[in-house]
Every structure is written in C-alpha cells, then in structure tokens.
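What follows is a short report on a single structure.
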Amino acid sequence: MFSDTNAARTIVGIIGNVIAFGLYSAPIPTMVKIWKMKSVSEFKPDPYLATAINCMMWAFYGLPFVKPDNILLITNNGVGLVMELVYVIIFFIFGTSHVRKKITIAMVIEVIIMAVVIFCTLYFLHTTKQRSMLVGILCIIFNVIMYASPLTAMRLVIKKKSVKCMPFYLSLADFMNGAIWIVYACLKFDLYILIPNVLGCLSGTIQLIIYALYYKTTNWEDDDEDRENNNSNAEIEPSQA
C-alpha cells in the first residue's frame, strides 16, 4: 500500500512538473516581443521577481534535510527558477536605468532573504519537522503573494468588460497546476503544499469564471490594431516602467 502511494505520488508529481513547465513558459511570447522591440515598454518585472523567490523557497523546502522525499518539488521549482531568472535578465538588458535599479535592489533583497532563511534553518533548527515548518510557512506566504498578482488583471477585465489582458491558457494552467499539486499533497499529506495550491486552484477557477463571463463582451476585432499601436508606441516612447 505504501509503495502504491509513493508510485502514485511520483506519477502525479511528474504530471505536475509538466503542467508547471507550461505555466512557467507562458511569458515566453512577452519576452520575444520585448526582444524584438528592444524595450520592456509597458511590461513590468514584478511578477517574475516574485515567482523567482517563490521558486527558490520551494526548491529549498524540497531538499532532503528540510522535507525528505520531495525530489519532484525540487525539479519543478529548479526549472521554474532558471526560467524566471532568464526573464529577469531580459528585463535588465532592455529596461531603463530605473527598471535595472529596481531589479538589482529586488534581487539583492531576495538573495539576503534566502541567505537568512537558509542560515536560520540549518543553524537553529535540527530536525526536518522543525525545518519544514519554518520553510513551509514562508513558502505559503510567498505563494499567496504570487497567486495574488492576477487580481490586478481580473479587476481590469471587470472594468473594461474585456478578457484581452487575461490570457485563457495562463488561467487554465494556473488552475491545473493548483489542482495537480493538491492531489500530490493529499497522497502523502503535506499541509504546506496543500494550502497554497488550494489558493492557486481557487485563483485559477475565479479567472476562468471571469473569462467565461466577459468573453462575449470582448471586442476581438480591435486586437490586431491594438497590438500594432502598442508596438509602434513602444518604439517611439521611452519606457515608463
């Protein structure tokens, strides 16, 4: 029975890694656009900076001396961290001096936070139960911050009655990612993995409901025209990010 549970958890974890990769890959079209424009335009690095420290914390949580038997959590967030750092580097390359300063300060703060967490965890806490409790609570906090980021987009959708600023596949991946990691957490009960992913699944569900409600009121005919205008403006005007 125990081996069956571990096997099921491994399979679910692998599926979770695939879905999470799709979630992490969602910003690639935005990065391609930034690269072509040679400017970050109206885009902001905040979500990628928030996701980076979230991945750092979860990768640390999955280490054997913090929470044993979570190798798939490490691979998931390790890949996510690398991808988010690539996105941050692209913002740094094509951002204004203000954006670069913002990124530098944020990354220094994130490194300091991780260094303090790692030191306190390894120096003051001597059992995996104690370590997983501290790091798990911090993971929940950073996960809540990351999952709260779509609230701005949802508010804009409701205000404009248009879902153009809230990509469907990103919302769907958000929901599926939360759902699959809920299953993973329940197979070998882990409250610290369960809580943030319940919130993530709920966030994705709300996004999909809002998408369904405002899909018909969205004027898709202006999509190409708006994209052309945004690209031309981005080439002429300096970034305000």
Side-chain angles (χ1 to χ4, degrees), residues 1-30 47-48 50-62 67-84 87 132 135-155 157-158 163 165-215:
M1 182 66 181
F2 180 74
S3 60
D4 290 344
T5 301
N6 281 343
R9 196 167 184 259
T10 299
I11 293 171
V12 171
I14 292 172
I15 296 172
N17 271 252
V18 174
I19 295 173
F21 180 76
L23 191 61
Y24 294 134
S25 301
I28 289 178
T30 298
Y48 313 106
T51 306
I53 191 169
N54 183 67
C55 289
M56 283 187 231
M57 200 66 69
W58 277 112
F60 182 57
Y61 178 83
K67 185 69 175 181
D69 304 322
N70 275 295
I71 185 65
L72 290 171
L73 202 61
I74 300 173
T75 57
N76 174 13
N77 289 282
V79 171
L81 176 59
V82 171
M83 295 181 73
E84 297 303 323
Y87 301 152
S132 62
V135 182
I137 291 171
L138 292 173
C139 284
I140 291 174
I141 293 171
F142 285 109
N143 239 123
V144 169
I145 293 172
M146 188 184 74
Y147 279 133
S149 60
L151 291 175
T152 303
M154 285 189 273
R155 186 171 65 245
V157 168
I158 295 171
V163 297
C165 63
M166 192 171 71
F168 172 76
Y169 290 109
L170 182 58
S171 300
L172 181 61
D174 204 7
F175 166 76
M176 293 176 63
N177 186 63
I180 198 69
W181 287 105
I182 287 174
V183 177
Y184 181 87
C186 290
L187 284 171
K188 191 174 180 180
F189 190 73
D190 190 322
L191 188 64
Y192 304 115
I193 297 178
L194 182 63
I195 292 175
N197 285 290
V198 167
L199 295 174
C201 189
L202 180 62
S203 172
T205 302
I206 294 172
Q207 290 177 59
L208 290 173
I209 291 172
I210 290 177
Y211 192 95
L213 289 174
Y214 291 99
Y215 180 83

Contact between [X] and [Y] at the side-chain level, heavy atoms closer than 4.5 Å - yes or no?
X	Y	result
Trp181	Leu73	yes
Thr51	Tyr24	yes
Arg155	Ile210	no

Q) Is atom CE of Met176 surrounded by more than 12 heavy atoms (other residues, nucleotides or ligands) closer than 6.0 Å? A)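 Count not over threshold, so no.
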Does [X] reach the main-chain N or O of [Y] with its side chain, forming a donor-acceptor pair under 3.5 Å?
X	Y	value
Asn197	Ile193	yes
Thr10	Asn6	yes
Asn177	Ala173	no

Of the non-hydrogen atoms in [X] and [Y], which two are nearest, and what is the gap between them?
X	Y	answer
Cys55	Gly80	SG-C, 3.8 Å
Val198	Ile182	CA-CD1, 3.7 Å
Ile74	Ala59	CG1-O, 3.8 Å

Please report the interatomic distance [atom1]([X]) to [atom2]([Y]), rounded to the nearest 0.5 Å.
X	Y	atom1	atom2	answer
Thr205	Asp174	OG1	CG	9.0 Å
Ile14	Ile180	CD1	CD1	11.0 Å
Leu23	Met83	CG	CE	9.5 Å
Tyr184	Ile15	OH	CD1	12.5 Å
Asn54	Ile140	CG	CD1	11.5 Å
Arg9	Asp69	CZ	CG	7.0 Å

Examine the side chains of [X] and [Y] and answer whether a donor and an acceptor come within less than 3.5 Å of each other.
X	Y	value
Asp190	Tyr61	yes
Asn143	Tyr192	no
Asn76	Trp58	no

Q. Stepwise, does the side-chain contact (heavy atoms from CB on, under 4.5 Å) test hold for Val183 with Leu187?
A. CA-CA 6 Å; Val183 177; Leu187 284 171; 4.2 Å; yes
Q) Should Tyr48 and Thr30 be marked as a side-chain contact (heavy atoms from CB on, under 4.5 Å) after you check the CA-CA gap, both sets of side-chain angles, and the distance that decides it? A) CA-CA 12 Å; Tyr48 313 106; Thr30 298; 4.3 Å; yes
